[in-house]
A.B. asks: 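A single structure is presented below for examination.
Note that the structure is predicted; figures quoted are calculated from it, not measured. Reminder, nothing fancy here: chain letters follow the sequence lines and each chain counts from 1.
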Protein chains: 2
Amino acid sequence: MNRMTTRTAAPTRREQILRHAARLFAERGFHGVGVDEIGAAVGISGPGLYRHFAGKDAMLAELLVGISERLLEGGRLRARAAEDGGPAAVLASLVEGHIDFALDDRPLITLHDRELDRLRDKDRRMVRQLQRQYVELWVDVVRRLHTAVPEAEARASVHAVFGLLNSTPHFGSHRGGLPDRSGTAELLRTLAHGAFASLGAWPSGAGQVPGGGPDTIDVQVDVESLHGTDGSGPAAG
Amino acid sequence: MNRMTTRTAAPTRREQILRHAARLFAERGFHGVGVDEIGAAVGISGPGLYRHFAGKDAMLAELLVGISERLLEGGRLRARAAEDGGPAAVLASLVEGHIDFALDDRPLITLHDRELDRLRDKDRRMVRQLQRQYVELWVDVVRRLHTAVPEAEARASVHAVFGLLNSTPHFGSHRGGLPDRSGTAELLRTLAHGAFASLGAWPSGAGQVPGGGPDTIDVQVDVESLHGTDGSGPAAG
DNA sequence: CCTCCAGGTTAACGACCGCTAACAACTCTG
DNA sequence: CAGAGTTGTTAGCGGTCGTTAACCTGGAGG
């Protein structure tokens, strides 16, 4: 259960299987990978997996639920830890955590929004709920930073930035990819904050996109007014 | 093999099949969709598809090659048309074109970076080459805009912004999603330009990111003609 | 009327895949 | 060493899937 405390004592095989299954699922898709292949990746063969998992679906379910839980838990921890710094610090912390995740667990982050529909109803609903809560963390802080941005736009922006941050799988496959991790992290951080910063000018009167010469968009953070505005959104269920 | 001009007033069976196949592939993955299902979507059943395509692989290949070709061609046209306005106008035009594509052909844009590995070597190489050329269009203009950004970082940024723009499939599945097309387009445009604009401060001394204290992020954008970009309708799908 | 052809149909085949059954080897106790 | 539990193995079943084969149909053309 505990990620931090458990080291080598944990069931090695299960984790081994899960890691390779994640990689294979991300590479070839859930339906494109056979159980024999997963078994071969960990040194055992075929049906031996069924000593550890109820089935292929169960592996995917555990992977996706695990990712969602860890993302949400990490996000909550970071949001709470950075709360004193105000919304900008919280957002920066969330970005940082997501970047870490995207760089450390590329296959998982790929599965996370790709193979969700292959789950059974119960699991899918659970993953969806966890995802929604994670998104909500971001939406809340974005709306505190940019109070003029409606909720729907804030949510869409968060999803868009997720797409940006989760684009790391596309980096490695090309020649001349970024070699070092910290450089990639810094680039993603810069881009993500740049995207969010652009919301400072929202709504920019229809079609008034930044233009007409060099502009300077000042991102100002109101730390004071954020506590007062906690009205629950019209939010959808 | 090659339809002379795919712009048509009367969608052929082939096009009908391709459209539905794209949607189904995007929804459930290439391996997750059976030929019977594709056939049923267009009113014929199962093996009737083989009067129009050599096989399931051929459908995917034609889809992916078609997308890549259209993306590249559209990008080249737009880049050339906006050249007089300078790099900023070219970039804005590329963004505009990609947004149109992402909004009009969501399933295709999803397949474009998801099912590439299911192709035969020859087709995959062709798609990869077209994609590379398309990316090159963007990388060139980004580097002209931000001369201090190395090529690897520019390329990664382009991929990241693609991830941002291609995130539209995630919008519709939630309640409270953006209803209107133009609003979504404007949001994506704002976010994408914000991300690119952040490269203006690259390389930003490590760790300068907001977090310790809310900064003002100077986003300099020099765009004029970007809203006035050609108003031709979206390429018919 | 007969032929031809494009575009359908159903039946069925072979391959693959997820999963179970039955069995084996290697611990860990006592 | 006996017995039990864990973790493998191989053989094989049932179902699905992509594809092919064989047949049908509705016009176009002489």
A.B. asks: Between dG18(C) atom P and Leu60(A) atom CG, what is the distance in whole Å?
C.D. replies: 12 Å
A.B. asks: Please check: side-chain N/O of Glu15(B) versus main-chain N/O of Thr12(B), any donor-acceptor pairing under 3.5 Å?
C.D. replies: yes
A.B. asks: Any Lys/Arg nitrogen of Lys56(B) or Asp36(B) sitting under 4.0 Å from an Asp/Glu carboxylate oxygen of the other?
C.D. replies: no
A.B. asks: Is there a residue in residues 115-125 of chain B whose heavy atoms reach under 4.0 Å of DNA chain C, and which residues are they?
C.D. replies: none
A.B. asks: I want to check something: taking the side chain as every heavy atom from C-beta on, are Leu103(A) and Thr184(A) in contact at a cut-off of under 4.5 Å?
C.D. replies: yes
A.B. asks: Identify whether any heavy atom of Val33(B) sits under 4.0 Å from a base atom; if not, whether one sits that close to sugar-phosphate; answer base, sugar-phosphate or nothing.
C.D. replies: sugar-phosphate
A.B. asks: Counting neighbours of CZ on Arg120(A) that are heavy atoms of other residues, nucleotides or ligands and sit closer than 6.0 Å, is the number greater than 12?
C.D. replies: no
A.B. asks: Are Arg189(B) and Asp100(B) within salt-bridge range, i.e. N to O under 4.0 Å?
C.D. replies: no
A.B. asks: Between atom NE2 in His31(A) and atom C1' in dC16(C), what is the gap in whole Å?
C.D. replies: 14 Å
A.B. asks: Taking the basic N atoms (NZ, or NE/NH1/NH2) and the acidic carboxylate oxygens, is any pair closer than 4.0 Å for Arg118(A) and Asp123(A)?
C.D. replies: no
A.B. asks: Not counting sequence neighbours, which residues clear side-chain contact (heavy atoms from CB on, under 4.5 Å) with Ser68(B)? List them please.
C.D. replies: His112(B), Val127(B), Leu130(B), Gln131(B)
A.B. asks: Within this structure, what is the CG-to-P distance between Asp36(B) and dG18(D), rounded to whole angstrom?
C.D. replies: 8 Å
A.B. asks: Can you check the Met59(B) CE to dC17(D) C1' distance for me, whole Å?
C.D. replies: 13 Å
A.B. asks: Side chains of Arg132(A) and Gln129(A): do they bring a donor and an acceptor to under 3.5 Å?
C.D. replies: no
A.B. asks: For nucleotides 3-12 of chain C, give me one character per nucleotide, 5' to 3': B if any protein heavy atom sits under 4.0 Å from the base, S if the only such contacts are to the sugar-phosphate, - if neither.
C.D. replies: ----BBBBB-
A.B. asks: To the nearest Å, how far apart are Lys56(B) NZ and dT16(D) P?
C.D. replies: 15 Å
A.B. asks: Between Phe53(A) (CZ) and dG18(C) (P), how many Å, whole number?
C.D. replies: 15 Å
